[in-house]
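Below is one structure, written out as structure tokens; the observations come after it.
Bear in mind the structure is a predicted one, so any value in this text is a computation, not a measurement.
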Amino acid sequence: TAAASFAHLTALTSLDCSCTQVVKERTDGLPPSLQELDISSVCELRPGASLAHLHQLRVLRADRSRVDLVLASLPPSLEELHAAHCERLTPAASFAHLIALRVLDVAESAIGDALMVTLPPSLVSLNARECDILTSAATLPHLPALRLLDVRNTAIGDAFVGSLPASLVELQLTWCRGVTASARLDHLHALRMLHCSDTELAPAVLDGCCERGCVVVASTVLRGHDRFVITLAVLSNGQLASGDEGGTVRLWDVARGGEATAVLDGHDGSVNALAALPGGSRLAAGVSIGPFRRDGFTGIVVWDTGVVPPTRCATLDCGSGVCELAVLRDGRLAAGCGDGGVRLMEMGAGTVAVTATLEGHEGAVTALAVLPDGTLASGTGAYTVRLWDVGAQACVATMAGRRTYCIYALAVLADGRLASASRESRDGNLRLWDVATRACVGELEGHTGRSFALAALPDGRLASGSRDHTIRVWDTRLAAAAGTGTAAAAASDEGTARVTPVVVLEGHDDTVYALHPLPDGRLASGSRDKTVRLWRLPPV
């Protein structure tokens, strides 16, 4: 309560009294020996409250608190101030007296142009993400030590970019739409990581950054869909195909910056899956009727995209919605269907015919992947992954998770391991499987929402798209053996490797449903926000 006092603990150096009333009415109950203090989520500080007696204080955590009431009293010894979501900072406030401050987090707070000018030259890291009051006139003072800066989703402009210090190593400019093609980054010689999706930075500026050894994470946005983008495929001529919930497939010339070349419509339902067929320019689309309809086409539509305009050359009504498609090593097409069957199809010049159906799943087959030896992996709503010998039309193994939730996606890594994304974990964890031993050998941790899309990259990395609106790229080679002891992979108590992402791609405004690597090394993504993005990935 507000009556509590710790003043008698004269050697106390760290105190967490977040979400309590300890400093609500008085601060003299805090001992002067404190070096770290957490008063986060304390919204009822008394006006005039002071922390000036904490002469040794180095770290103050005050997220979602009334930090504006104690800012002027903070001692000059302070090195870290975490004040995110503090909405009552005023132009009269100042950080100038904090001469030792190295880390400042004011994300989603009321910091404005005038307060930005008061930042002390000692600052090394600044997080001003989503500070809505910042304007295109904002600039930085002289900050010779600044290395990390995050100003995502703010209205800063070219003047701010021009004031960036040459010491900067990592810069987050994503969603800074006030930054124009006139902005220059030539003075940032130390810059090694730049995130700049949804800005107008000129291509020449980005190329210059790359030439100086900077990793540029950026995306090109392709617009035209009016419904959720669910699936992607790349044709033999390099064109990208994207299918949406409304039954439309769009073709894009990604080599020319994403120019739209054709629209394939008339599908009587949602296009859930696309697959480029071998030996030409044919594209297969897997279609399901909507959840509120009782009749309509549910099956495969094959398009010839080599003619102008593209034409339908074959259709097959499967009698059940198609959730996923995969091309087998022998050229046949596998379709995962809503009735639990996996249909194998021969693709003729103008025909498509089912040659076999693999049965055994209890729920809709929502994910397919072809292993290096030709084995087909299929995932379903009962969190079961089955491995099929498609020649013998037999299930040769089953891999199951700890719970019974839907498999959303499967991908085969360059070394033959299988990656899965499912509902098993609410925090969006992904799993890596050793197919030979049928054992889970890795867990990928970092998403804050369920993952719906996976893409194995040619260099051995894995990309995942999630409900948290992000795409994460993982160096899965670090998880090949548990207990590597690296920063990105550590052994768990169960003997699996826990891996964290090496890069996070931000730009989509909603769930990422589809991912596909492009021939030129970029990554394509499709989202519930109705856009397709082309990402330039950092190197390994």
Exercise. For A84, does its backbone N or O pair with a side-chain atom of D63 as donor and acceptor, under 3.5 Å?
Worked result: yes
Exercise. Below 4.0 angstrom, N of the basic side chain to O of the carboxylate: do R536 and D207 qualify?
Worked result: yes
For this session: State which residue, out of D150, V151, L194, V217, fulfils the side-chain contact (heavy atoms from CB on, under 4.5 Å) condition with Q172.
Result: D150
For this session: Tell me, yes or no, whether the heavy-atom count around R250 atom CZ, taken from other residues, nucleotides or ligands under 6.0 Å, exceeds 12.
Result: yes
Exercise. Which class fits the ring pair W388 and H361: parallel under 30°, tilted 30 to 60°, perpendicular over 60°?
Worked result: perpendicular
Problem set entry | Centroid separation W303 to H267 less than 6.0 Å | yes
For this session: For the residue pair L251 and L240, establish whether any side-chain heavy-atom pair is separated by less than 4.5 Å.
Result: no
Exercise. Which atom names give the shortest non-hydrogen contact between S466 and G449, and what distance separates them?
Worked result: OG-O, 2.9 Å
For this session: Could you tell me whether the side chain of S18 and the main chain of S40 form a donor-acceptor pair under 3.5 Å?
Result: no
Problem set entry | Reported CG-to-CG distance for the pair D475 and D459, which is rounded to 0.5 angstrom | 8.0 Å
Exercise. Nearest heavy-atom pair of H508 and S525: which atoms, and what distance?
Worked result: NE2-OG, 2.7 Å
For this session: Compare every heavy atom of A456 with every heavy atom of P517, then report the nearest pair and how far apart it is.
Result: CG-O, 3.9 Å
Problem set entry | Sub-4.5 Å side-chain heavy-atom contact between L148 and L126 | no
Exercise. Within a strict 4.5 Å, meaning less than it, do heavy atoms of the L168 and L149 side chains meet?
Worked result: yes
For this session: Kindly determine whether L316 and M345 satisfy side chain to side chain contact (heavy atoms under 4.5 Å, CB included), including the steps that lead there.
Result: CA-CA 10 Å; L316 175 68; M345 288 164 278; 3.4 Å; yes
Exercise. Distance-only, no hydrogens or angles: does the T476 side chain make a donor-acceptor pair with backbone N or O of G460 under 3.5 Å?
Worked result: yes
Exercise. Heavy-atom distance under 4.5 Å between the side chains of T305 and L235, does that happen here?
Worked result: yes
Exercise. Just how far is it from atom CE of M193 to atom CD of E170, taken to the nearest 0.5 Å?
Worked result: 6.0 Å
Problem set entry | Flag, side chain of S527 to backbone of D529, donor-acceptor distance under 3.5 Å | yes
Exercise. Is a salt bridge present between E130 and R152, judged by a nitrogen-to-oxygen distance below 4.0 Å?
Worked result: no
Exercise. Charged N to carboxylate O below 4.0 Å: is that the case for R177 and D198?
Worked result: yes
Problem set entry | Non-hydrogen atoms of L232 and G526 that approach each other most closely | CD1-N, 3.8 Å
Exercise. Okay, side chain of S219, backbone of R533: is any donor-acceptor separation there less than 3.5 Å?
Worked result: no
For this session: Measure the spacing between CD of Q393 and CG of L376 and express it to the nearest 0.5 Å.
Result: 12.0 Å
For this session: Look only at the side chain of R256 and the backbone of D253, and say whether a donor-acceptor pair between them is shorter than 3.5 Å.
Result: no
Exercise. Going by heavy atoms in the side chains, are Q239 and V254 under 4.5 Å from each other?
Worked result: no
Exercise. Do side-chain atoms of S320 reach the backbone of G338 as a donor and acceptor pair under 3.5 angstrom?
Worked result: yes
Problem set entry | Atom pair CG (L534) and CZ (R522), whose distance is rounded to the nearest 0.5 Å | 5.0 Å
Exercise. Taking the side chain as C-beta and beyond, is there a heavy-atom pair between V271 and I230 under 4.5 Å?
Worked result: no
For this session: Can you establish whether the number of heavy atoms outside E80 located under 6.0 Å from its atom CD is more than 12?
Result: yes
For this session: Go through the steps for N153 and T174 under the test side chain to side chain contact (heavy atoms under 4.5 Å, CB included), then give the verdict.
Result: CA-CA 6 Å; N153 203 13; T174 300; over 6 Å; no
Problem set entry | Main-chain N/O of D389 paired to T375 side chain as donor or acceptor, under 3.5 Å | no
For this session: Would you indicate whether the side-chain heavy atoms of S420 and W433 approach each other to under 4.5 Å?
Result: yes
Exercise. For the side chain of T470 and the backbone of R472, is there at least one donor-acceptor N/O pair under 3.5 Å apart?
Worked result: no
For this session: Identify the heavy atoms of W535 and G507 that sit nearest to each other, and give their distance.
Result: CH2-N, 3.9 Å
Exercise. Which value, rounded to the nearest 0.5 Å, describes the distance between C209 atom SG and L201 atom CG?
Worked result: 8.0 Å
For this session: Begin from the C-alpha positions of D132 and T154 and carry the test side chain to side chain contact (heavy atoms under 4.5 Å, CB included) through to its verdict.
Result: CA-CA 6 Å; D132 297 336; T154 65; over 6 Å; no
Exercise. Does a side-chain N-to-carboxylate-O contact under 4.0 Å join D105 and R61?
Worked result: no
For this session: Using the six-membered ring wherever Trp is involved, compare the ring planes of Y513 and F452 and label them parallel, tilted or perpendicular (cut-offs 30° and 60°).
Result: perpendicular
Exercise. Given the rule in the side chain to side chain donor-acceptor pair (under 3.5 Å) test, do N272 and S288 qualify, once you have shown the distances and angles that lead to the verdict?
Worked result: CA-CA 7 Å; N272 293 335; S288 294; 3.1 Å; yes
Exercise. How long is the span from the CZ atom in R212 to the CZ atom in R192, to the nearest 0.5 Å?
Worked result: 9.0 Å
For this session: Flag yes if more than 12 heavy atoms outside R147 fall under 6.0 Å of its CZ atom; otherwise flag no.
Result: no
For this session: Without swapping roles, check the side chain of T531 against the backbone of R223 for a donor-acceptor pair under 3.5 Å.
Result: no
Exercise. Under 3.5 Å, is there a donor-acceptor pair linking the side chains of W252 and S242?
Worked result: yes
N/O donor-acceptor pairs under 3.5 Å from side chains in residues 324-332, not counting sequence neighbours:
| unit_1 | atom_1 | unit_2 | atom_2 | d |
| --- | --- | --- | --- | --- |
| R329 | NH1 | P372 | O | 3.0 |
| R329 | NH2 | D373 | O | 3.1 |
| D330 | OD1 | R332 | N | 3.0 |
| D330 | OD2 | R332 | NE | 2.9 |
| D330 | OD2 | R332 | NH2 | 3.1 |
| R332 | NH1 | T355 | OG1 | 3.4 |

Exercise. So which heavy atom on A241 is nearest to which on L283, and how close?
Worked result: CB-CD2, 3.8 Å
Exercise. Would a 4.5 Å heavy-atom cut-off, applied to side chains only, mark V503 and H195 as touching?
Worked result: yes
Seminar exercise, completed: side-chain contact (heavy atoms from CB on, under 4.5 Å) with I471: of L537, V512, V504, only one passes, and it is V512
Exercise. D16: what forms a salt bridge (charged side-chain N to carboxylate O under 4.0 Å, His left out) with it, not counting sequence neighbours?
Worked result: none
For this session: Take L418 and V385 through the side chain to side chain contact (heavy atoms under 4.5 Å, CB included) test and state the conclusion after the steps.
Result: CA-CA 10 Å; L418 187 66; V385 176; 4.0 Å; yes
For this session: For the residue pair H225 and T248, confirm or rule out a side-chain donor-acceptor distance under 3.5 Å.
Result: no
